[in-house]
Every structure is written in C-alpha cells, then in structure tokens.
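Start at 1 and go down the list; that is how both ligands and their atoms are numbered.
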Amino acid sequence: MNIQKIILALGLAGISIAARADFPEKAVTLVVPFAAGGPSDKIARDVAEALRKPLGQAVIVENTTGAGGTIGTAKVARAAADGYTLLVHHIGMATAPALYKELSYTVPDDFEFLGLINEAPSTLIGRPTLAANSFGELRKWIIENNNKVNLANAGVGSASHLCGLMLQSALGVNMTTVPYKGTAPAMIDLMGGQVDLMCEQATNAVTQIEAKKVKAYAVTSAQRLKLPSMAEVPTLAESGLANFNVTVWHGLYAPRGTPSDVIAKLNTALRSALKNPDLIRRQEALGLTIINDERLEPAGHKKYVTAEMDRWAKVIRDSGQQPN
Ligand code: MLT
C-alpha cells in the first residue's frame, strides 16, 4: 500500500474515531427476543430506563420474538456494528447452540459482550384449579398423568423450556410442551387453566403468586426467595430433586466488530445503570440479584457465557433432548 493510501486510511480512521467520540448521537435500541410483558422484556425496560441518563439518549426496547429467542438474537448478530442495536438476552444465549442444528449466528464469536446484568431465580407454577397443594402431591399427579400434562414454555431454548426439560428428566416423564412467543402470553393461558404448569422467572411469577392467580409449587433456583410472600415455597432441591438449579441470568450484547471505544462507553453506561437505586429496588423486590463482579466486565461476561455453554450442553445432552 503506497504512502497516499496509508495517509488516506489513517485519515478515515481518524474521522471515524472522532465521529465515535460523540457516541451515542441518536437513540439506542435494545432488542428483546421474547414477547412484551415477559420477564426478559421487564428487565430490558428496567435497564433501558436506567441507561437513558448515562447515555444521554433515548433507549428504545424492541420485541423481536420467535423460535425460543433465536430470531431476535440473530437480528442483532446481523445488525450494524455501531453500538445502536443491542441485545438483552438470558441463558438462551448459551443454550441455543446445543438446541438448534441450524443457528444463523455463532456464540460467542458473533457478539461483543457488554456485561452481565442480573441473576433471576425461577419458579414452578401451576394453574389455580390444580388439586395438588404441594410439590409432593404435584409430583404424584405428574407421574400418573405423564404426557397428558400440558407444560407451557417460550419456545425451544427459552429459560422456561430448559427448566421444563430438567424437570421432566428428573421425574422421568414426558409432558406435552406448549410453546408461546414468551412467558407473558403463556401466563395468561396458565391463569385461565388452558395449560397446567410452567417454569417462570420470579420477575413475572411473584406478582401472580401473590395475587393467587397461579399456584406456587417450588423455586427452581438453589435458594428460596427472600421475599415474605415466597418464604414458605421450597426449592426443588429441598423437594427431592437433588441439585436441581435453574437460575436465569441476563446480559447485554452488541454485534461483533462494534468498535472497542463504543463497547467501553456502553459498558460504563451499563455499570452506571446497575447502580440506579430505583432499578436496584425494583429488581431486588422481585428476588433478582444485580451483578457486581467480574462478569460485569466484557471479558468476564464472555468467559462466563462460554463456560455456561459447556455446562448447559451437558445438561441438554443428558436430558436426551435432540437438537431442533
Ligand atoms: C420471557 O421473557 O418470555 C422469558 O424469558 C421466556 C423464557 O425464556 O422462558
């Protein structure tokens, strides 16, 4: 390359860095790969609200649903790597590669990691008309009814699907799964009695449990929820399913190739957002834990998701679930 081209290239690079010095100059979009009103959507809207001040721009949430969250995730993988289209996603980021033969994106290579947001406990809930009043009674009913039991989820690869997979594997049953575009629409059918059971993140489940619109049978995470209304709800591990633990983490992502100075700005803004007292109050009131360790750094976030891919690939293999 001759000296003129080098000078031109350096000049263009300089213009590009200078232009990014003002990033963000327009609204930033957070893509959520599940339906509005679900736990992923609620967490994304919470984070969007808290990002507005540190970014000094509007932050818009856009729900792109379908295929257990892989359609919205693929959309961000293909988006311009300019920091204006980001993804809020959960453990599905780590599990989809083991559940889908043909994914149009690769994890971790097709993404930049902007920081892990929180860990959300999950619950096992049932329609209000179920006769069982404890997990022990429910376990007996599930085993007796097996494939006649309708288990709702948000599609293959969703947190509710993975939790359901582990539950069926632990009980040695094969329930009929009913997929939705998110657990928000599924919750409506559960409360209406159209489906029998669902694993749902505490973010969405606690309100309906407190309103007695669904029955709480267990917490699927390792620890009970520290909320007064949930103190008596045992974990599945306490209820005889040893080592059962489905905790749903959520992270923030950008397309591969997003400039490092933009990644640094977005990570700084996320760290500031997660210190927002209103966000902390809202999320902790639902039993969520805000991340405040090395996983909030891009490198730590990427290392964690990569390790989770290996862990979940084994769980999925052991469950006998064949890739879609
Ligand atoms: C949702 O937001 O609908 C849930 O996170 C879906 C799921 O993963 O179960």
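Within 4.0 Å of ligand 1, heavy atoms belong to protein residues Phe34, Gly38, Pro39, Ser40, His90, Ala154, Ser158, Ala159, Ser160, Gly182, Thr183, Gln201.
With salt bridges taken as basic N to acidic carboxylate O contacts below 4.0 Å, none links Glu297 and Lys303. With respect to Arg295 and Glu119, a salt bridge is recorded, a charged nitrogen being found less than 4.0 Å from a carboxylate O. Lys140 and Glu144 are joined by a salt bridge, as a carboxylate oxygen and a charged side-chain nitrogen come within less than 4.0 angstrom of each other.
Counting only N and O atoms by type, the side chains of Asn174 and Asn146 include no donor and acceptor under 3.5 Å apart. A donor-acceptor contact under 3.5 angstrom links the side chains of Thr235 and Glu238, judged on distance only.
Sparse packing is recorded around CD of Glu102, with 12 or fewer heavy atoms of other residues, nucleotides or ligands lying under 6.0 Å away.
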